[in-house]
Amino acid sequence: MDANSSTDSFKTNNGSSCSIGVQGICYTVSERVGPWWDVQSYYKKWTRQILKDVSFYMECGQMMAILGNSGSGKTTLLDAMSGRIGRQGTLLGEVYVNGSQLKKEQFQDCFSYVLQHDTLLSYLTVQETLTYTARLALQKNSDESIKMKVDSVMAELSLMHVAHTVIGGRILNGISSGETRRVSIAAQLIQDPKIILLDEPTTGLDSMTANQIVLLLSELARKDRVVIISIHQPRSELFRVFDKIAIMSCGELIFCGEPEEMISFFDECGYECPEHSNPFDFYVDLTSVDTRSKERELETYSRSQSIISTYRNSSFFKNTLEQIETSKRSRKQKLIPFKRKDAPNEVCKVWILLRRTVRNLSRDKIGIIMRLSQNLIFALFLAFFIIHLSNDQLKGAVPDRLGFIYQCLGAPPYTGLLNAVALFPSLRAISDQEGKDGLYQKWQMLLAYIIHILPFSILSVAIFSSFIYWVIGLYPEISRFLFFFAVVLVPHLMGELLTLAVLGVVNNPNIVNAGVTLLNIAGILVGSGILRSLQEMPRVFQLLSYITYQKYASELLVVNEFKDLTFTCGIKNISLGLNPQCPFTKGNEFIEGTFPDATTRITFDFLMLYAFLPATVIVCMISFKIRDFLIRR
Ligand SMILES: Nc1ncnc2c1ncn2[C@@H]1O[C@H](COP(=O)(O)OP(=O)(O)OP(=O)(O)O)[C@@H](O)[C@H]1O
């Protein structure tokens, strides 16, 4: 089957340019009987059928509403037919587009899916949001044609008046929730889909805005598209807006047909909708299973089963199956209408994502202040505490310096961690969504984020180093200051990169926070050689220290500060041997005693320290590849 954008020349059974047939969709999951603390039942499993033999047929120009009470399987049906269902269950059945059965890898190219919750970047304007999406999807088009496309989609969704307003979020005022929904729909329309699925697009909106959204969707459907929405409690005025209505209960399709057919079908079943009642509410209530008591459950379940069997024997159901068969027979004359595919190459995508990330986060004033000032605030604490380093061993020349180096290994990774935990999860949610849309792969978003943190991290550590180095009086030499800055930069970046790596596989930021903090503490204990000398540690810890970046950073900072340093011993400077509190006259003696041969390993240590950065970036990439796998599971 070939992708073709000129499908308009082909018409389906009823003359429309595309059709979708869903046939016999069943989805079964296997669940544990009890919770993990009830060991006996936890190891037993039972099989639960979430979707049972769902079939329907639609053509371009039509909009279908899927109704049903909570838990009836509406979202699962949309997930199943758009190829987004996890692999933990068994999915059976086929989806045909223009009579051709879709292969697994074709689903994301064929359907656009608007999720129940909007995942958009808060600091971008509506126009920017859509322009970046257009660039990711249609880069091969000129800037002018992308602008025209964005403008036409904004006009189609009545978004022109908010084109230059930011999306906003919990802490930033932006467009209204109805407009946000429309931006999510517009982001999908940019890709020119023929079939659009929307999971509860009206949830959380007031009833007037909800109606407007549904009317807008019906207009979109009229422009030669198939629109399928799941919806809770539509108003009765919308009765004639939907071309088809599907009612679900316990994973089964109770009815699927035109609104008037629905009335006559239920009339024939003996359930006439009372006058002045909303037919949607009435039929959904009628077909729902009431689990409040065993008796009610049995009664309502047997009622819904009897309606289902009437539907399955009805002409509506037979017509559906016939329409699917007819479309299959004529499949050779029609091609699958894939979404427009003029996507840029992989490097270009990273570049676009980088620009989008920078633009979004550079408008986050609090975020920027936080990123640049965290290390400085830490430096203020240190300066307040240490005031000025002395060379007098009786005044703590050695332990103060060691304590300071220990802090330089501990705090910068933590500030890096805080940045990643605060800023990345929202980008991760967007990359999960846009990755499923086929716009790019998750690692590309990750790489863009990593590139964008570099200037912030460099600036933040430069501010920290410039302040603390000279204020507390470390070795007064410019080259050593620059070396100090270059070494401290790595722990800060490592904190952020390790956090990103863990965020790939762990969703909960609190767990990531705790986990990476503990990992860093363990790294300092094992690798720094400050709390306990490396030579005195058990062999296993000595070996482990080689895989900690703290080992190399610690040695480098110690050499940088202690090499060629001359110590004094009290006011009279009593020499070595006369006062046991002054064991060293030179810093080199301390280095040789605590980090033997460290002065000869400077280049090696430096290269090893910096090698941790690309190595951790690779780990991050692997982690996001694993995320891809876990999400598809
Ligand atoms: N992967 C899964 N494993 C176990 N149960 C699942 C899985 N996916 C869905 N379910 C269950 O299937 C049922 C249907 O879920 P679904 O989200 O499709 O319902 P819904 O009709 O969209 O509900 P709502 O209107 O509240 O969003 C629910 O009981 C849900 O818990």
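Just so you know, these numbers come straight off a predicted model, no measurement behind them. Positions are given from 1 along the sequence.
Under the 3.5 Å distance criterion, with hydrogens and angles disregarded, a donor-acceptor pair is assigned to the side chains of Lys328 and Gln23. Counting only N and O atoms by type, the side chains of Thr499 and Glu496 include no donor and acceptor under 3.5 Å apart. A donor and an acceptor atom, one from each side chain of Tyr123 and Asn360, are nowhere located under 3.5 Å apart. When only modelled atom types and interatomic distance are considered, Lys625 and Gln441 share a side-chain donor-acceptor pair under 3.5 Å. Between the side chains of Asn520 and Thr517, no donor N or O sits under 3.5 Å from an acceptor N or O. Between the side chains of Asp118 and Thr180, not a single donor N or O lies within less than 3.5 Å of an accepting N or O. Using a 3.5 Å distance cut-off with no hydrogens or angles, the side chains of Glu94 and Gln101 do not pair a donor with an acceptor.
Ionic pairing of Arg356 and Glu434 is present here: one or more N-O contacts between side-chain nitrogen and carboxylate oxygen are shorter than 4.0 angstrom. Salt-bridge formation is not detected for the pair Asp199/Lys74: no Lys NZ or Arg NE/NH1/NH2 atom is positioned less than 4.0 Å from an Asp or Glu carboxylate oxygen. The existence of a salt bridge linking Arg363 and Glu128 is confirmed by a sub-4.0 Å separation between a basic side-chain nitrogen and an acidic carboxylate oxygen. Comment: Arg84 does not engage Asp79 in a salt bridge, judged by the lack of any side-chain N to carboxylate O separation of less than 4.0 angstrom.
A 4.5 Å side-chain heavy-atom check between Ser249 and Val289 finds at least one atom pair inside the cut-off. The shortest side-chain heavy-atom distance between Leu454 and Leu493 falls under the 4.5 Å cut-off. Contact annotation: the side chain of Tyr27 never approaches that of Thr90 to less than 4.5 Å [non-hydrogen atoms, C-beta and beyond]. With contacts defined as side-chain heavy-atom distances shorter than 4.5 Å, the pair Leu489/Tyr610 qualifies.
At least one donor-acceptor pair under 3.5 Å links the side chain of Gln444 to the backbone N or O of Glu346. Proximity of a side-chain donor or acceptor of Thr415 to a complementary backbone N or O of Pro412 within less than 3.5 Å is detected. Arg627 places a side-chain N or O within 3.5 Å of a backbone atom of Gly504 that can act as its donor or acceptor partner. With hydrogens and angles disregarded, no donor-acceptor distance shorter than 3.5 Å links the side chain of Gln188 to the backbone of Ile185. No donor-acceptor pair closer than 3.5 Å links the side chain of Ser460 to the backbone N or O of Ser457. Using modelled atom types, no side-chain atom of Ser72 and backbone atom of Cys250 make a donor-acceptor pair closer than 3.5 Å. Under a 3.5 Å cut-off, the side chain of Glu179 and the backbone N or O of Ser176 do form a donor-acceptor pair. Under a 3.5 Å cut-off, the side chain of Arg428 and the backbone N or O of Leu503 do form a donor-acceptor pair. Within the 3.5 Å criterion, the main-chain N or O of Gly24 finds a donor-acceptor partner in the side chain of Ser55. Side-chain N or O atoms of Asn98 include one that pairs as donor or acceptor with a backbone N or O of Ser19 at under 3.5 Å.
Classified by interplanar angle (parallel below 30°, tilted 30° to 60°, perpendicular above 60°), the ring pair Tyr552/Phe612 is tilted.
Both tests do not hold together for Lys436 against Tyr113: distance to the six-membered ring centre under 6.0 Å, angle to the ring axis within 45°.
Taking all atoms of both residues into account, the shortest heavy-atom contact from Arg181 to Gln116 is NH2-O, 3.5 Å.
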query = So Tyr449 and Phe624, ring pair (Phe, Tyr, Trp, His ring centres under 6.0 Å) or not? Walk me through it.
reply = CA-CA 13 Å; Tyr449 181 80; Phe624 276 78; 9.8 Å; no
